[in-house]
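Okay, so here's the structure we're looking at.
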2 protein chains.
Amino acid sequence: MADINAENSHHRPELTSTGSEPGVEGPTAPVDPALVSFMELFYFAYRNFTGDPDAVLERYGFGRAHHRVLHFVHRNPGLKVAELLDILKITKQSLARVLKELRQKGFIAQRPGPDDLRERRLHLTLKGVRLTDKLTELQVRRIAHALKEAGGSADEVTRRFLVAMIEPHERDQVCSLVKCAEHRETDAKTGAT
Amino acid sequence: MADINAENSHHRPELTSTGSEPGVEGPTAPVDPALVSFMELFYFAYRNFTGDPDAVLERYGFGRAHHRVLHFVHRNPGLKVAELLDILKITKQSLARVLKELRQKGFIAQRPGPDDLRERRLHLTLKGVRLTDKLTELQVRRIAHALKEAGGSADEVTRRFLVAMIEPHERDQVCSLVKCAEHRETDAKTGAT
DNA sequence: GCAAATAAGTCAACATGGCTGACATAAATG
DNA sequence: CATTTATGTCAGCCATGTTGACTTATTTGC
């Protein structure tokens, strides 16, 4: 089953010749190999994280894009389209496509805004709630398990890490969206329920 | 600038009617809201993580797919195509496309295998090394900064978390690929170099 | 030594989910 | 009433994933 690099040792290491001036490496700081492996773990962890829901979504003819919409609408009922666009950072046209499908298949409903009738406030239907909850449960389960395996302080610490990975100018938006106690270093460890 | 949910309070909460039997919620376990926010942070963190290299890659006419190939070939010189496929978990045809572009633009070179001449062992050219190192530096910098901000034990703890997020049957492959001290709970904290 | 298996490349066609530009409609606002 | 705003929509492009079928070169097993 092609075990990738059990045999790494026998790979001929060197750079290739194509433009051979060797050693010209350029102005790149020497990179900590421990952090490189960290990058890789982040990649593989995220791939597994998204893998669970992907499998379910497929059965509905949906993709990851639909999942994101379902999720954020679930968490922020009555969300305006413009707000959703600002969260997802995609274009109106991209969103329109998945939104239309979710609407037509009865997972999302829109109601005109209470004050401004131009707005289409987004809500999940019961069907939408059921699906979204199922997806959430899958991902939450994986996270809960990983946190347990990572040890006691993992929730708090990893949370701070994830927040710190976010660009400062984006951080406030994300933190209020996420209802972020973890920004100001308070709790976030109390296994709420 | 559409601040998402400064105004969350005024969103009309409820589920929508479309299929209204209310309370039928289905067999979904009650979900810990702290973990839901964790999911969201993971999403935003990963988006930021990939954002840095994306900007650079664009200037070369490359995308994230090219980045992944460059990265894993850099880390595993002499990698066989079949091994790369097994790492990326995409199809031969998908890989072929980006591989061809990387070859044509002189970022990757192939040499026949030393024992088996059918193999095309993959190597970065100098150009490839330069680009890849630049991308790596961006991501490593973000991670290093986030780990610092997250506090002392963050590297060790978060690493364990990320590993634990990976499906067990994939874990061994990933860990040997990643040169994973972090699997057996030894070091990995020694800031090498 | 030859048939079969293997490593890799390729062609064609298709889906998803990004993107741009242009334009339509309805409601709010000055 | 003119303009701006919130949303939707049409048409088309690009990147990156998919499947299925087929070629070529090489290795391997009988």
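Only heavy atoms go into these numbers, but all of them, side chains included; no hydrogens, no water, no symmetry mates. Here is the naming used below: chain letters follow the sequence lines, and residue numbers restart at 1 for every chain.
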* To do: Would you state whether a donor and an acceptor, one from the side chain of A:Q93 and one from the base of D:dG12, lie under 3.5 Å apart?
  => no
* Evaluate side-chain contact (heavy atoms from CB on, under 4.5 Å) for A:N48 paired with B:M165, printing each intermediate quantity in order. => CA-CA 7 Å; A:N48 276 264; B:M165 283 289 286; 5.6 Å; no
* Please lay out, stage by stage, how A:S37 and B:R159 fare under the test side-chain hydrogen bond (donor to acceptor under 3.5 Å, both in side chains). => CA-CA 9 Å; A:S37 75; B:R159 237 186 172 80; 2.2 Å; yes
* Nucleotide D:dA11, atom P - distance to CZ of A:R97 in whole Å -> 13 Å
* To do: May I ask you to test the A:R47-B:E170 pair for a side-chain heavy-atom distance under 4.5 Å?
  => yes
* Asked: Are OP1 or OP2 of D:dG8 and a side-chain N or O of A:Q110 less than 4.0 angstrom apart?
  -> yes
* **A:A96 vs A:D116, nearer the 5' end of DNA chain D by closest nucleotide** => A:D116
* Mind calculating the distance between CZ (A:R120) and P (D:dT5) to the nearest angstrom? => 18 Å
* Grab the CD-C1' distance between A:E119 and D:dT4 for me, whole Å please. => 15 Å
* **Interatomic distance where CZ belongs to A:R111 and C1' belongs to D:dA6 [whole Å]** => 18 Å
* How do A:L117 and A:T91 order along DNA chain C: which one's closest nucleotide is nearer the 5' end? -> A:T91
* Side-chain donor or acceptor of A:K100 under 3.5 Å from a matching atom on the base of D:dG8? -> no
* To do: Provide the start and end nucleotides, 5' to 3', of the part of DNA chain C that has atoms under 4.0 Å from heavy atoms of chain A.
  => C:dG17 to C:dA28
* To do: Please tell me which of the listed nucleotides, D:dG8, D:dT18, D:dT27, lies nearest to the side chain of A:R103?
  => D:dG8
* Separation of B:K92 atom NZ from D:dG17 atom C1', in whole Å? -> 16 Å
* Are OP1 or OP2 of D:dT18 and a side-chain N or O of B:S94 less than 4.0 angstrom apart? -> yes
* Are the aromatic ring centres of A:Y43 and A:F49 under 6.0 angstrom apart? -> no
* To do: Look at the side chain of A:R118 and the base of D:dT5, then say whether one donor and one acceptor between them are separated by less than 3.5 Å.
  => yes
* Using side-chain hydrogen bond (donor to acceptor under 3.5 Å, both in side chains) as the criterion, point out the one residue from A:R141, A:K148, A:E149, A:R142 that pairs with A:H145. => A:E149
* Nucleic acid contacts - residues 59-73 of chain A versus DNA chain C, non-hydrogen atoms under 4.0 Å -> A:G63, A:R64, A:A65, A:H66, A:R68
* In terms of the angle between their ring planes, are B:F42 and B:F161 parallel, tilted or perpendicular, with boundaries placed at 30° and 60°? -> perpendicular
* Whole-Å distance separating the CG atom of A:L95 from the P atom of D:dA6 -> 15 Å
* Asked: Do B:L70 and B:V129 touch side chain to side chain, with heavy atoms closer than 4.5 Å?
  -> no
* Asked: B:K105: what forms a side chain to side chain contact (heavy atoms under 4.5 Å, CB included) with it, not counting sequence neighbours?
  -> B:F62, B:F107
* **Separation of D:dT7 C1' from A:L79 CG (nearest whole Å)** => 14 Å
* Once you round it to whole Å, what is the distance between P of D:dG8 and CD of A:Q104? -> 12 Å
* Asked: Hey, any chance A:V140 and B:Y46 share a hydrophobic cluster, counting ILVMFWY side chains that come within less than 4.5 Å of each other, even indirectly?
  -> yes
* Verdict with supporting geometry, A:H67 and A:D54, side-chain hydrogen bond (donor to acceptor under 3.5 Å, both in side chains) -> CA-CA 9 Å; A:H67 184 193; A:D54 283 355; 5.8 Å; no
